[in-house]
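Heads up: the structure comes next, in structure tokens.
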Amino acid sequence: MKKLDREFYNRDSILVAKELLGKVLVHEIGGQRISAGIVEAEAYMGVEDKAAHSYGGRRTSRVEVMYGDPGFSYIFMIYGMHNCFNVVTSEKGTPQAVLIRAAEPLEGTEWMAQQRFGKSYEQLTKAQRRGLTDGPGKLCRALSLDRSFNGMDLCGNEVYVEEGEGRDFKIVTAKRVGIDYAEEAKDYPWRFYIDGNEYVSVK
């Protein structure tokens, strides 16, 4: 499948978030492909978005990658233990990003099972299989994506996003999750997910 190019990411975060649904996140590691189809994403709109790390023009070493070119990864940690994978969007100097909240396992399920539960995929319960990648922290753990991948060029050959199969689906629009601190921004309908997909983190 065709890899997404720089121009795909060089657009408004809301548009990119919607169009990332159905695309495939790939991590090539240990001589194999680990991949998952993106089913849920949230847009963060930068300096005017009170839920964004770059709100108000905040510019620290943590968020600096968002001020750079589009099509790079922005990975941050929450609760001191869970990594969250984002793609940097919009033009250089406009610090927007899209959080990948959930995905559907495609390739490398044995790898994912070991990373998440320390056992083979066959040994997983139905709930554990569904829980492999149905949240941002779970997704990063399953695909072995941590802070060491922050700032990686997603147009490269190690971590990237492919076009996917182009299946038809309905997109649901909803409020973003876990940002109650963001005042009016907590109610912005900037979370998008594939209707009916079992791996969506919050229905």
Side-chain angles (χ1 to χ4, degrees), residues 1-27 35-60 62-76 84-104 136 139-140 143 145 149-177 179 182 184-195 197 200-201:
M1 287 183 281
K2 182 181 178 183
K3 189 183 304 178
L4 301 185
D5 60 21
R6 190 84 58 208
E7 287 307 305
F8 176 91
Y9 302 104
N10 190 21
R11 299 177 296 157
D12 178 275
S13 185
I14 294 174
L15 180 60
V16 174
K18 292 178 183 179
E19 293 193 10
L20 277 170
L21 298 180
K23 303 296 192 287
V24 178
L25 176 60
V26 180
H27 184 186
S35 71
I38 298 169
V39 301
E40 182 181 2
E42 290 180 341
Y44 288 85
M45 294 294 288
V47 297
E48 297 180 358
D49 180 1
K50 291 181 180 178
H53 292 168
S54 54
Y55 171 64
R58 187 182 300 118
R59 191 161 187 166
T60 65
R62 179 195 192 197
V63 303
E64 185 62 30
V65 66
M66 283 199 290
Y67 285 88
D69 291 322
F72 284 76
S73 64
Y74 170 47
I75 301 179
F76 61 86
C84 295
F85 178 84
N86 302 256
V87 299
V88 175
T89 60
S90 195
E91 62 188 2
K92 186 174 183 178
T94 302
Q96 296 183 10
V98 173
L99 169 65
I100 308 303
R101 279 198 58 86
E104 180 176 350
L139 174 62
C140 281
L143 270 69
L145 297 171
F149 293 93
N150 185 52
M152 174 163 283
D153 187 351
L154 301 178
C155 296
N157 297 313
E158 187 172 358
V159 179
Y160 52 89
V161 182
E162 291 180 335
E163 278 287 353
E165 297 179 357
R167 292 178 294 178
D168 290 332
F169 50 78
K170 178 183 176 182
I171 296 176
V172 178
T173 299
K175 297 178 183 178
R176 295 173 293 183
V177 178
I179 56 168
E184 72 277 3
K186 70 182 175 61
D187 295 321
Y188 294 166
W190 292 348
R191 179 167 70 97
F192 310 98
Y193 62 88
I194 295 177
D195 189 29
N197 189 281
V200 172
S201 66

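Keep in mind the model is a prediction, meaning the values are calculated, not measured.
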key: N150 (side chain) donor-acceptor with I75 (main chain) under 3.5 angstrom   = yes
task = List the steps, then state whether side-chain contact (heavy atoms from CB on, under 4.5 Å) holds for F76 with V63.
result = CA-CA 9 Å; F76 61 86; V63 303; over 6 Å; no
message = Could you tell me if the side chain of H53 sits less than 4.5 Å from the side chain of Y44, heavy atoms only?
response = no
query = Is it true that D153 and R6 make a salt bridge, defined as a side-chain N closer than 4.0 Å to a carboxylate O?
reply = yes
ask   = Quick one: does D69's side chain have a donor or acceptor within less than 3.5 Å of a partner on K92's backbone?
value = no
ask   = Taking the side chain from S201 and the backbone from A102, do they hold a donor-acceptor pair closer than 3.5 Å?
value = no
request  = Take F72 and Y74 through the test ring pair (Phe, Tyr, Trp, His ring centres under 6.0 Å) and record every step on the way to the result.
outcome  = CA-CA 7 Å; F72 284 76; Y74 170 47; over 10 Å; no
inquiry  = Just verifying a value: how many Å separate I194 CD1 and I38 CD1, rounded to the nearest 0.5 Å?
reply    = 9.0 Å
key: Whether S54 side chain and P95 backbone form a donor-acceptor pair below 3.5 Å   = yes
inquiry  = Strictly distance-based, threshold 3.5 Å: is any side-chain N or O of E42 a donor or acceptor partner for the main-chain N or O of R176?
reply    = no
note = Shortest non-hydrogen pair, A52 vs G46, comes out as CB-O, 3.6 Å
inquiry  = How about CD on E163, more than 12 heavy atoms from neighbouring residues, nucleotides or ligands closer than 6.0 Å, or not?
reply    = yes
task = Spell out, as yes or no, whether a donor-acceptor pair under 3.5 Å connects the side chain of K18 to the backbone of T173.
result = no
query = Just wondering, more than 12 heavy atoms not from E165 lying within 6.0 Å of its CD?
reply = no
request  = Is it possible for you to check whether R11 lies under 6.0 Å from the centre of the six-membered ring of F8, through NZ or CZ, and within 45° of that ring's axis?
outcome  = yes
message = Donor-acceptor check, side chain of T89 to backbone of D12, threshold 3.5 angstrom: yes or no?
response = no
ask   = Within 45° of the six-membered ring axis of Y193 and under 6.0 Å from that ring's centre, is NZ or CZ of R101 located there?
value = no
inquiry  = Quick check against the 3.5 Å criterion: does S35 have a side-chain atom that pairs as donor or acceptor with the backbone of L25?
reply    = no
